[in-house]
Amino acid sequence: MEFRIKDITLAKEGKNRIEWAEAHMPVLVALRQKYEKTKPLKGIRVAGCLHVTKETGVLVRTLKAAGAELSWCGCNPLSTQDDVAASLAQDEGISIFASRGVTQQEYYDDIHSAMMIEPHVTIDDGADLTVEMHKKNFNSIRGGTEETTTGVIRLRAMQKAGKLMYPIIAVNDAETKHDFDNIYGTGQSALDGIIRATNILISGKNVVVAGYGHVGKGISRRAAGLGANVIVTEVDPIAALKAKMDGYAVTKMEKAAEMGDVFITTTGCKDVIVDKDIAKMKDGAILANAGHFNVEISIPAIEKQTVHQNKINENIMQYVLKNGSRIYLLGEGRLVNLAAAEGHPSEVMDMSFANQFLSIIKLAQQGDTMKPLVYDIDRSQDQEIALAKLQSMSIEIDSLTPPQKTYLEGFNEGT
Ligand SMILES: NC(=O)c1ccc[n+]([C@@H]2O[C@H](COP(=O)([O-])OP(=O)(O)OC[C@H]3O[C@@H](n4cnc5c(N)ncnc54)[C@H](O)[C@@H]3O)[C@@H](O)[C@H]2O)c1
């Protein structure tokens, strides 16, 4: 076992926090109890590139219990929780290469170190590991999973260009993932990150949310719930209409730029906030990003207009602009919920990682027979996870009677 982490003495705290998360992840824990006996991942090498959070710690423990040999790295320079990394190295004996605040070079070095296990299966969040894997030619590889919208978009583009070399299961596209993790998870944790970094009162603020997809919808709801006036910007007419019908103001970024007290980008696109927008912002405007990469708010555009900058705290950088306004960028424009808070609550990661775990077993067993395409999650897996989650909450639901099923599947009976 090898590792590159910040501080091994943090392991005790990391272990306690992983156990806290575990107590809130009943579906994944039930899967662990089921599969630790049969060990379907015995002899399988898994390389993971996922935010090193306490919830990821629970996934790692579950994969290990199912027999996997693991190596791990972070999928964002600012998202690693160093205590969790220390516990995974010390208590679980995992090869882990991750620490908070790495440079671009260290980030890629860590990915390459994690790859050296020559994996049978990769787990990715954003597709950086998968792209790097395509530059090597490991005969071992059977398949991989992808956790987030941006990663799935990149991998579908690789498939379209005929460049995808091994099958990928799009975990993000499971309903029990994106309809919960992206909406409720990021909705809450992005606001949590902004509040932890700044301690501002959200109530009464104009909060501009760029993008009204899953993440944007979740954040808009939570910001409105805290009393903000939410203003949405979009490029898709249907998403914009949904935002309007959900009760939010909708306008172009160039207009929203003048109104916003807080800006949150959630698009997965680049250059969403650029020079002309920054120039119009109010003195004191706060900028945060919840999309996967730090390309949504143009940092070069901010720097171009800056006369000097001043670090307010670990997660707030003040930029004093040539026009005299001060604007504040949170978490270097990286995922604010991970940079300035702890990422998604364990309860939603329970379902996302249950999907990961079952997909990894599937790839270990069947990956060799699958074509190099991006695959959706089986509907039956989604249903199984939703049912297990409901059961963990002691919630019962109805089921269709045979006549109801026949009625819903037929076309003869109208009345
Ligand atoms: N912070 C987190 O923990 C977290 C969690 C899940 C997803 N993500 C990331 O968040 C991003 C969004 O994910 P999603 O699931 O909501 O995707 P989505 O496809 O559901 O929504 C994206 C929305 O942004 C809109 N959009 C695209 N370009 C735009 C632009 N230039 N201006 C305004 N709107 C624009 C699209 O029309 C779409 O409605 C992705 O990068 C994803 O990987 C982050």
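In listed order, ligands and their atoms are each counted from 1. Scope of the values below: all heavy atoms of this structure, side chains included, with no hydrogens, waters or symmetry mates.
- Looking at Leu363 and Met370, their side chains come closer than 4.5 Å, going by heavy atoms from C-beta outward.
- Applying the 4.0 Å criterion to heavy atoms of Thr148 picks out, from ligand 1, the atoms 6 (C), 7 (C), 8 (N), 9 (C), 42 (C), 43 (O).
- Counting protein heavy atoms only, atom 44 (C) of ligand 1 is closest to Ala290 O, 3.2 Å.
- A salt bridge does not link Lys64 to Glu69: none of the charged nitrogens lies less than 4.0 Å from a carboxylate oxygen.
- Residue contacts with ligand 1, taken as heavy atom pairs separated by less than 4.0 Å, involve Asn337 solely via side-chain atoms from C-beta onward.
- Rounding to the nearest 0.5 Å places SG of Cys73 at 11.5 Å from NE2 of His51.
- Between His344 and ligand 1, at least one pair of N/O atoms sits closer than 3.5 Å.
- A salt bridge links Lys54 with Glu342: the distance from a Lys NZ or Arg NE/NH1/NH2 to an Asp or Glu carboxylate oxygen falls below 4.0 Å.
- Counting only non-hydrogen atoms, the option in Thr233, Leu335, Thr267 that gets closest to atom 24 (O) of ligand 1 is Thr267.
- Remark: the Asp179 side chain and the Tyr184 side chain contain no N/O donor-acceptor pair separated by less than 3.5 Å.
- Side-chain atoms of Asp181 do not come within 3.5 Å of backbone N or O of Met349 as any donor-acceptor pair.
- Remark: of the listed residues Arg4, Arg17, Lys6, Lys6 is the sole one forming a salt bridge (charged side-chain N to carboxylate O under 4.0 Å, His left out) with Asp82.
- Residue Thr150 approaches ligand 1 through these ligand atoms, each under 4.0 Å from one of its heavy atoms: 40 (C), 41 (O), 42 (C), 43 (O).
- Between His214, Lys242, His51, Glu234, it is Glu234 that holds the heavy atom closest to atom 33 (C) of ligand 1.
- Counting heavy atoms of neighbouring residues, nucleotides and ligands inside a 6.0 Å radius, atom CD1 of Ile397 does not exceed 12 of them.
- Here the protein heavy atom with the shortest distance to atom 30 (C) of ligand 1 is Val235 CG1, 3.6 Å.
- Of the listed options Gly185, Ala243, Ala341, Gly291, Gly291 places a heavy atom closest to atom 11 (C) of ligand 1.
- Counting heavy atoms under 4.0 Å from ligand 1, residue Lys217 does not touch it at all.
- Relative to atom 12 (C) of ligand 1, the option among Thr149, Asp173, Thr266, Thr186 with the closest non-hydrogen atom is Thr266.
- For the pair Lys177 and ligand 1, the shortest N or O to N or O distance does not fall below 3.5 Å.
- A donor atom on one side chain and an acceptor atom on the other are found under 3.5 Å apart for Thr186 and His344.
- The protein non-hydrogen atom at the shortest distance from atom 9 (C) of ligand 1 is His292 N, 3.7 Å.
- Using a cutoff of 4.0 Å between basic side-chain nitrogens and carboxylate oxygens, Asp283 and Arg326 are scored as salt-bridged.
- Within the listing of ligand 1, atoms 11 (C), 40 (C), 41 (O) sit less than 4.0 angstrom from a heavy atom of Gly268.
- For atom 21 (O) of ligand 1, the closest non-hydrogen atom of the protein is Gly213 CA, 3.1 Å.
- Side-chain atoms of Asp124 and Thr130 include a donor-acceptor pair closer than 3.5 Å.
- Protein heavy atom at the shortest distance from atom 16 (O) of ligand 1 is Val215 N, 2.8 Å.
- Closest to atom 28 (N) of ligand 1, if we only count protein heavy atoms, is Cys269 CB, 3.4 Å.
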